[in-house]
Amino acid sequence: MNRPECSVGEIGARLAAALSTFDEQTWRVTEPQGRVGLVSAGGDRLELHIRSYGPQAGRVIVGCGDPDDARDVPMPELGATITVSPARPAEHIAADVSRRLLRAYRAVRPAARAWRAAADALAAAEDAVLDEAEQHLAALPGTVERSGSPHLPALTLSTEHPYRGAVEQVRISDVRLGHEVTGPPEQAVRLGGVRWPLYARVQLAVHPRLLPALTRALAEVAATTEVDAVPTHQCPHTHQPVCPHGHDHATARQVQ
């Protein structure tokens with residue numbers, strides 16, 4: 001196995017110094033959780049490690065890292081990597097990094113930042129819908145729990161003693177509002193998937209005697225509720241200067 005003559009930390013320090021000269025931005029070395037990374041003054045992030053196995057053992061993998069303002073954005077430019085020899089001069093590696101990684105990385109950062117802001121606003125709007133549903137379920141006998149993935153949680157009301165009372169169980173899942181999002185035109189990755197409503201799933205286990213009143217109430221609510229009317233606290237456009245629904249989110253944030 002080929003082993004490098006210097007550590008990845010030493011390589012990172014030399015590359016940071018070379019990039020600071022070549023890139024006209026100050027770069028510094030970071031070691032979060034023992035991993036070596038580089039961060040520029042503008043927030044660009046690079047990650048370094050030395051391949052320890054396979055035909056490229058001993059070579060340095062330099063990859064783009066998520067910017068703080070665009071974490072977990074599914075754009076290939078933010079996760080691109082190159083492989084370099086640790087024996088190459090740091091100035092040559094810096095030139096390669098700039099040409100093969102940073103150019104595309106920086107080109108997509110504005111769109112990635114917009115995507116992250118839109119995704120966060122969408123998640124907050126979906127959470128607000130679930131929060132309100134949870135408050136109403138809490139008025140019923142039983143225990144309400146949130147489960148599922150952080151990106152797609154579910155609500156479940158379960159009674160302590162099954163087969164007693166009017167409601168045994170309520171489960172709400174697949175709460176998605178992505179069809180309401182109108183992102184910036186340069187946004188490269190669509191939020192929420194399709195552009196039509198994906199209906200939430202509501203599963204009920206209730207006493208048969210409850211069904212006439214339950215279906216009557218459902219019919220009345222469905223006939224009188226405007227599903228296109230979006231409350232301010234459930235709006236997925238809190239990140240935009242001009243809200244398509246006409247909300248003044250800047251003032252709402254100041255009041256909070």
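- The closest donor-acceptor contact from the side chain of Gln234 to the backbone of Pro231 lies at 3.5 Å or more, if one exists at all.
- Closest heavy-atom contact between Gly12 and Leu38: O-CD2, 3.4 Å.
- Taking each heavy atom of Leu198 and His179 in turn, the nearest pair found is N-ND1, 4.3 Å.
- In this structure, Arg201 forms no cation-pi arrangement with Tyr199, as its terminal cationic atom is not both closer than 6.0 Å to the ring centre and no more than 45° off the ring axis.
- Thr26 places no side-chain N or O within 3.5 Å of a backbone atom of Ser20 that could act as its donor or acceptor partner.
- A 4.5 Å side-chain heavy-atom check between Val230 and Leu177 finds every atom pair outside the cut-off.
- Here the side chains of Asp23 and Val97 are not in contact, with every heavy-atom distance at 4.5 Å or above.
- Proximity of the aromatic rings of His237 and His249 is defined here by a centroid distance below 6.0 angstrom, and this criterion is not met.
- Within the 3.5 Å criterion, the main-chain N or O of Pro212 finds a donor-acceptor partner in the side chain of Thr215.
- With hydrogens and angles disregarded, no donor-acceptor distance shorter than 3.5 Å links the side chain of Gln169 to the backbone of Thr156.
- The minimum heavy-atom distance between Val167 and Leu157, with the atom names listed, is CG1-CD2, 4.3 Å.
- When all heavy atoms of Leu48 and Leu15 are compared, the closest pair comes out as CD2-CD2, 4.1 Å.
- Proximity of a side-chain donor or acceptor of Gln25 to a complementary backbone N or O of Gly42 within less than 3.5 Å is detected.
- Around atom CZ of Arg146, more than 12 heavy atoms belonging to other residues, nucleotides or ligands sit under 6.0 Å away.
- In terms of modelled atom types and a separation under 3.5 Å, the side chain of His239 and the main chain of Ala119 share no donor-acceptor contact.
- Sorted pairs that involve residues 216-239 and meet salt bridge (charged side-chain N to carboxylate O under 4.0 Å, His left out), not counting sequence neighbours, are lacking altogether.
- Minimum heavy-atom separation, Arg45 to Tyr105: N-OH, 3.2 Å.
- Ion pairing between Asp66 and Arg116 fails under the 4.0 Å rule for side-chain N and carboxylate O.
- Shortest non-hydrogen contact noted between Arg106 and Pro110 is O-CD, 3.5 Å.
- Looking at Glu180 and His245, their side chains never bring a donor and an acceptor atom within 3.5 Å of each other.
- Looking only at side-chain heavy atoms (C-beta outward), Ile11 and Ile50 come within less than 4.5 Å of each other.
- A salt bridge links Arg99 to Asp96: one of the charged nitrogens lies within less than 4.0 Å of a carboxylate oxygen.
- Without hydrogens or angle criteria, Arg14 side chain to Ala90 main chain gives no donor-acceptor distance under 3.5 Å.
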